[in-house]
Amino acid sequence: MNTNHHQRPGHSRFSRALPLALTALGATLLTGCQQANQTLSIGDMSSGYNREIFWMSVWAIALSIIIFIGVSYALFYTVNKFREDKHDAPPAQFHGNNRLEVILVVVPVIIVVFLSVLTVRSMARLNPTPQNVVNIDILSRQFWWNFAYPEAPAAAGGVVTNGNEIIIPTRQQVALTITSGDVIHGFWAPNIGGQRHALPGTRRTWQVDTDRPGAYQGNCSQLCGASHANMRYKVVALEPERYNTFITAARAYRAPEPAPSSAEARGYTLFMQGKTSTGALSCAACHRVQGTPAAGAAGPDLSFFGTRRTLGAGMWEGERAREMLHEWIKHSPLVKPGSLMPTYDGSEYRVNGKVQKGGVLTDAEIDDVSAYLRSLKLPEEADYWQGTPVIGAQGASAPGESQ
Ligand code: CUA
């Protein structure tokens, strides 16, 4: 990429913007090749939410078409019938025509009432708050998500929580309650229903649902900073029995204890304590791992990291996520703009505008931490990716492909 063009004086705004736009387009196309992209669809009729919105729209659009035809007809009829004629006397005035004025008031009122009834009916149907909803709390932060299950306390303390991958049951209403830890974000997984903004200091609840098991794509839908486009997540919808298996296993889960003097054991120590001699900060200060002393809340929950298929809030998936883990730990802000994770190669990074100097871990030590993270796996029967079809998959992604 030509990085000098913005310094050349005298260039029009357009000539500067064009290469940038082309670069952005090229980057988009390239990304399209590297990643297993998933199509988003508000027309996914597996979701009762989407069906409701669809049929409401059909009525509203049908009414609009009728109004359009009626108004067009009246317009052309009038223009044609009352066109100017030299021999005509001035046309009759209709000021004070009570019948006409009543029609002009009553017809629009009927239209507006009809549209209001349609809207209010849909709103009521989409928020029935039934007794048997599954509640999930969503915390959004720059630039990641935590999905917590308040009705599923964990044996090891806290509640079942997963970062960047939300697991829901099919054929059941799921009540999502969203908040933000910093700026405004937006939760939007269109295949399962409507979006909501995440506002700091506010909790908002709405319901989504789907009848079809599978993995769906979700994105942040509110511009929230440098990595807004890298703030993604997966929605994994499981048949109710499989969902229950997942929840049961997740509640009982305790992070596996590494075998003595294994790579995982060395990784565990670095994860929990960092390395004071080189200024490498501990991971546990910011991340939680269920069943260990790690209880940090400044970053996404890592309890089931080894089961997850995505890395960096959906930046990479599958094999690519595996390959990127080393780079990610080493210098996350370099591979994800605006990431607040410290660096472990001694490079500088920014936290709240302040420049910090990262600590240092050797490549071998980073691999140890990776090994520990990969060992954080749910039991086989609770692996929610196993055999799960990827909905709207384009490109390399194979159904049920796991790390
Ligand atoms: Cu968070 Cu955009």
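Every number for a ligand or one of its atoms is a count from 1 in the order of the listing.
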Checking S47 side chain against I192 main chain: does a donor-acceptor pair fall under 3.5 Å? yes
Parallel, tilted or perpendicular, as decided by the 30° and 60° cut-offs, for the rings of F271 and H287: tilted
Can you pull out every ring-ring contact (aromatic ring centres under 6.0 Å, His included) where at least one residue sits in residues 326-346? Sequence neighbours excluded, please. W316-W328
salt_bridge(R320, E323) N-O dist < 4.0 Å: yes
S221 and Q195: side-chain hydrogen bond (donor to acceptor under 3.5 Å, both in side chains), yes or no, with the steps? CA-CA 8 Å; S221 59; Q195 59 177 319; 2.7 Å; yes
Salt bridge flag under 4.0 Å for residues K330 and D363: yes
What is the total of protein N/O/S atoms that are closer to atom 1 (Cu) of ligand 1 than 2.8 Å? 4
